[in-house]
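In what follows, a single structure is set out as structure tokens and then discussed.
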Amino acid sequence: MAWLSRKKQAEPEIDPANIPRHVAVIMDGNGRWAQQRGLPRTAGHSAGSETFRKAADTLARLGVEAFTVYAFSTENWKRPPEEVSAIMGLLDKYLHEAVRDMREKNIRLYFWGDTSPLSPSLRTLIEETQKISESTSGMRVNVCLNYGGRDELTRACRALAQQCEDGALKAADITGEMLENRLYSAGVSDPDLLIRPGGERRISNFLLWQLAYTEFVFSDVLWPDFGEKEILSAIAEYQRRKRRYGGIG
Ligand code: IPE
Ligand code: IPE
Ligand code: MG
């Protein structure tokens, strides 16, 4: 019996009829995970990239339609160049694998953020995965890379201002929907659930517009240790929430 109850605790009950359509994750805590083990921070990023692959498999199996991950922020360039290049190296490795496997896994891969400062080889791989995504139909994985919520909103405002300057649009006619259509997330429903592992309780410039009514689940578990059990327990927590969107439910 004791074993049974332990097992029950290890595998949270999930209601298959209330799976979040869109799950977003701030993949945080890689550096601390490595430091706790006396390893270089880059070892944490490497472990974190494995966790990302497994999380994508788990969420796809559950029937989640979109999985958006924060992989590198507009502020992460402040880190030592060796750390930045290690992260880009892991991305390169992941993209090579994705080009090979994404048809078989039936996932669609998109990149949100300004990819223009990335190396030509990374950009070519990104383009390749986008092309493959046109012929796959499964879960959509949005990788936020050189992404910042403020940058995204600034770009959208600039695009609308340009239309006004060109005489194609009047400022008074601008709607929220027009702005939304100029975000990287255009056409994708807002996240239902945001998970932030790694112990911090902040948004760190992630999806500032899209998270308006998202349910937040914070966890002290560091991202490389965030396995299926933690994903399921975050979804179970989401399923206990009552979403009101400003109404009275
Ligand atoms: C998240 O882990 C990965 C990136 C920001 C690229 P961190 O590297 O921020 O790990 P901590 O927060 O320092 O532990
Ligand atoms: C957020 O984590 C960015 C990513 C996970 C890519 P950070 O580690 O950069 O956030 P802060 O600095 O703790 O706010
Ligand atoms: Mg961090």
Side-chain angles (χ1 to χ4, degrees), residues 22-56 59 66-95 97-98 109-119 122-123 125-126 140-155 183-185 188 191 193-211 214-227 230-231 234:
H22 184 173
V23 175
V25 174
I26 299 177
M27 304 190 290
D28 194 29
N30 295 347
R32 280 164 285 160
W33 182 90
Q35 277 162 346
Q36 284 172 5
R37 284 161 180 74
L39 298 168
R41 290 178 56 86
T42 51
H45 295 310
S46 177
S49 71
E50 288 306 318
T51 304
F52 159 65
R53 286 174 180 79
K54 289 188 193 138
L59 294 173
F67 176 33
T68 301
V69 289
Y70 207 3
F72 193 86
S73 75
T74 45
E75 288 74 36
N76 287 149
W77 297 106
K78 292 177 192 161
R79 298 184 178 208
E82 315 81 65
E83 181 168 341
V84 172
S85 55
I87 294 169
M88 296 303 161
L90 285 165
L91 182 70
D92 187 273
K93 182 168 172 273
Y94 173 70
L95 287 170
E97 287 170 20
L109 201 52
Y110 298 94
F111 290 83
W112 293 359
D114 177 16
T115 53
S116 63
L118 303 182
S119 71
L122 274 178
R123 290 170 66 186
L125 280 165
I126 287 174
R140 167 193 253 282
V141 180
N142 307 305
V143 179
C144 296
L145 191 61
N146 191 22
Y147 173 88
R150 289 181 172 181
D151 179 60
E152 180 182 41
L153 287 166
T154 306
R155 282 164 193 274
L183 301 179
Y184 295 116
S185 55
V188 179
L193 166 64
L194 170 79
I195 306 173
R196 182 164 190 158
E200 309 295 359
R201 268 84 175 140
R202 57 177 169 253
I203 214 170
S204 301
N205 201 13
F206 193 40
L207 304 177
L208 296 179
W209 174 280
Q210 298 87 341
L211 295 176
T214 300
E215 297 297 328
F216 286 26
V217 172
F218 295 107
S219 167
D220 291 333
V221 175
L222 304 173
W223 176 245
D225 288 331
F226 210 86
E230 284 75 20
I231 301 257

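Just follow the structure's listing: the first ligand is 1, and inside any ligand the first atom is 1. Here the structure is a predicted model, which means the values were calculated and not measured. FYI, the numbering just counts along the sequence from 1.
- Checking side-chain atoms of R41 against main-chain N and O of N30 turns up no donor-acceptor pair under 3.5 Å.
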Could you pull out every N or O of ligand 1 that sits under 3.5 Å from a protein N or O, with the distance for each pair?
unit_1, atom_1, unit_2, atom_2, d
ligand 1, 2 (O), G29, N, 3.4
ligand 1, 2 (O), N30, N, 3.3
ligand 1, 8 (O), R41, NH2, 2.9
ligand 1, 8 (O), R79, NH1, 2.6
ligand 1, 9 (O), D28, OD1, 2.9
ligand 1, 9 (O), R79, NH2, 2.9
ligand 1, 10 (O), G29, N, 3.4
ligand 1, 10 (O), N30, N, 3.1
ligand 1, 10 (O), G31, N, 2.9
ligand 1, 12 (O), D28, OD1, 2.8
ligand 1, 12 (O), R32, NE, 3.4
ligand 1, 12 (O), R32, NH2, 2.8
ligand 1, 13 (O), R41, NH1, 3.1
ligand 1, 13 (O), R41, NH2, 3.0
ligand 1, 14 (O), G31, N, 3.3
ligand 1, 14 (O), R32, N, 2.7
ligand 1, 14 (O), R32, NE, 2.7

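- Between K93 and E97 there is a salt bridge, since at least one side-chain N of the basic residue sits less than 4.0 Å from a carboxylate O of the acidic one.
- The backbone N or O of N205 lies less than 3.5 Å from no partner atom in the side chain of R150, so there is not a single donor-acceptor pair.
- Counting only protein atoms, the N, O or S atoms lying less than 2.8 Å from the Mg ion (ligand 3) are D28 OD1, ordered by chain and residue number.
- Listed for the S46 side chain is no donor-acceptor partner under 3.5 Å among the backbone atoms of T42.
- Residue W112 is tested with V143, V69, L207 for a side-chain contact (heavy atoms from CB on, under 4.5 Å); the sole match is L207.
- Because its NZ or CZ atom is not both nearer than 6.0 Å to the ring centre of Y94 and within 45° of the ring axis, R53 does not count as a cation-pi partner of that residue.
- Annotation: side chain of V25 is not in contact with side chain of F226 (no heavy-atom distance under 4.5 Å).
- The line from CD1 of I126 to CG of L91 is 6.0 Å long, rounded to the nearest 0.5 Å.
- Proximity of a side-chain donor or acceptor of S185 to a complementary backbone N or O of V188 within less than 3.5 Å is not detected.
- Of all atoms in ligand 2, numbered sequentially from 1 with element shown, those under 4.0 Å from a heavy atom of R202 are 11 (P), 13 (O), 14 (O).
- Under a 3.5 Å cut-off, the side chain of W223 and the backbone N or O of G48 do form a donor-acceptor pair.
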